[in-house]
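Here's the structure, in structure tokens; my notes come after.
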2 protein chains.
Amino acid sequence: MDEQRTDNRTDGDDEAEAVSRFVERFAAQLVQAGMTRMPSRVFAALLSSELGALTSAELSEQLKVSPAAVSGAVRYLAQVNLVSREREPGSRRERYRVQGDQWYNALLERDAFLRNWQTTMREGVEQFGLDTPQGRRINDTLEFFLFLEKELGSLMQRWAAHRAEHLGG
Amino acid sequence: MDEQRTDNRTDGDDEAEAVSRFVERFAAQLVQAGMTRMPSRVFAALLSSELGALTSAELSEQLKVSPAAVSGAVRYLAQVNLVSREREPGSRRERYRVQGDQWYNALLERDAFLRNWQTTMREGVEQFGLDTPQGRRINDTLEFFLFLEKELGSLMQRWAAHRAEHLGG
DNA sequence: CGCTTCTTTCAGAAATGTGTGAAGTTAAGG
DNA sequence: CCTTAACTTCACACATTTCTGAAAGAAGCG
């Protein structure tokens, strides 16, 4: 695990600090996007780790938070399919892994999200009726979300294609 | 302002309550999407109003909050271009209006948002280098966001087309 | 030019959210 | 089957956010 630390004892510390800076910046952006703080930090740390996976203890130490905080964060992240939990066989340790290289898929797989929105809009249209300005305005929104739902599918297909191409060529 | 209230004194109240229910539900979803509470409520109220515009006093009364709260909410909404402010000539009253029928454009005009993200990812790639798993993983994310930025433009164009078509035919 | 009406700003109270420590639960290993 | 390591749950303290009331700031109108 140890690298050579004869000449430069601070190498590891500097590296760790640099990683931490990136993790915190990335996490801040996830927070801005609506994710709560601790899940954001855990997720950023996992993404920045060499194996894309860390144990609870490693996360706890790196982020300087209690195991309890890690536990809560991981529970959330697993729920929204951003990380998976692995048991290391022959150990009580658990290992949390970022979901493949396509975690950002989850960002767009907000199907449930879109559905809820559509439901609300439909109710609004029903309530106000298409013969009112409100009703029409809300109906426009509904149609936009229906359109969006359709489009996101094909967008992700194009991404898959784009990505395959760039791997091959 | 008063409607006939001879037969059914509760008509207006029921209507108001129904509107409120929709407003609150819609607002809750905006909150879920990351907007803060009061701006969400104000925005939902505006969208559900007949003219798509209300005065500060009207908002204050309908949402049962202080003028101060309305002021703060509107300031935010104007900043992110979701509402515009109009002065009623010959009155000190201000009228707040939802930005056209295409407010949802704003949802996707998150260019600045995407840019920030890209910047962070680029820094991560630089820091770790493409010869590390982390670096490659983060680079994948960067490319996804670049792809997304490109795609969102054409998506909105298709939406404009779709919409024009449905208006005409 | 002062009066009045509406809006904004600001300090602080109330509500909400977030992380910790301690106790509880599960499962490996002797 | 008991011990012990690891993770989880829960009550509470601390921090942050959010709304209010009061006072100050603009802008029409006499």
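Sequence lines set the chain letters: A, B, ... in the order given, protein chains first and strands last, and positions in each chain run from 1.
- Looking at heavy-atom distances under 4.0 Å, Gly72(B) makes no contact with the nucleic acid at all.
- Of the residues near DNA chain C, Thr36(A) and Arg95(B), the one whose nearest nucleotide (by heavy atom distance) lies more toward the 5' end is Arg95(B).
- Taking atom CZ of Arg41(B) as the reference point, atom C1' of dT18(D) lies 12 Å away to the nearest angstrom.
- Under the 30°/60° scheme for interplanar angles, the aromatic rings of Phe26(A) and Phe22(A) are found to be tilted.
- Look at CZ on Arg93(A): it is 14 Å from C1' on dT4(D), rounded to the nearest Å.
- Closest to the side chain of Arg92(B), out of dG21(D), dA27(D), dG19(C), is dA27(D).
- Comparing atom distances between the Arg37(B) side chain and each of dG28(D), dC19(D), dT9(D) picks out dC19(D) as nearest.
- Relative ring orientation between His162(A) and Phe147(B) is described as tilted, the plane-to-plane angle lying within the 30° to 60° band.
- Out of dG19(C), dC7(D), dG21(D), the shortest distance to the side chain of Ser56(A) is found at dC7(D).
- Looking at the side chain of Val65(A), the nearest of the listed nucleotides dT4(C), dG29(C), dT20(C) is dT20(C).
- Residue Arg87(B) contributes atom CZ, which lies 14 Å from atom P of dC6(C) at whole-angstrom precision.
- Checking the phosphate oxygens (OP1, OP2) of dT9(D), a side-chain nitrogen or oxygen of Arg75(A) falls inside 4.0 Å.
- The nearest heavy atom of DNA chain C to Lys64(A) and to Ser91(A) marks one nucleotide each, and the one closer to the 5' end goes with Lys64(A).
- What separates CD of Glu94(B) from C1' of dG25(D) is a distance of 14 Å, to the nearest Å.
- Spacing between atom CE of Met38(B) and atom P of dT18(D) amounts to 10 Å, rounded to whole angstrom units.
- Closest contact between the side chain of Arg85(A) and the listed nucleotides dT8(D), dG19(C), dC6(C) involves dT8(D).
- With 3.5 Å as the limit, one finds no donor-acceptor pair spanning the side chains of Gln134(A) and Gln127(A).
- In summary, the side chains of Gln29(A) and Thr120(B) do present a donor paired with an acceptor at a separation below 3.5 Å, with no hydrogens or angles considered.
- Within 6.0 Å of the CD atom in Glu86(B), the count of heavy atoms belonging to other residues, nucleotides or ligands exceeds 12.
- Rounded to an integer number of Å, the gap from CD of Glu86(B) to P of dC6(C) is 18 Å.
- Atom P of nucleotide dA6(D) and atom OH of Tyr96(A) are separated by 12 Å, given to the nearest angstrom.
- Here the C1' atom of nucleotide dT17(D) and the CE atom of Met35(B) are 17 Å apart, to the nearest Å.
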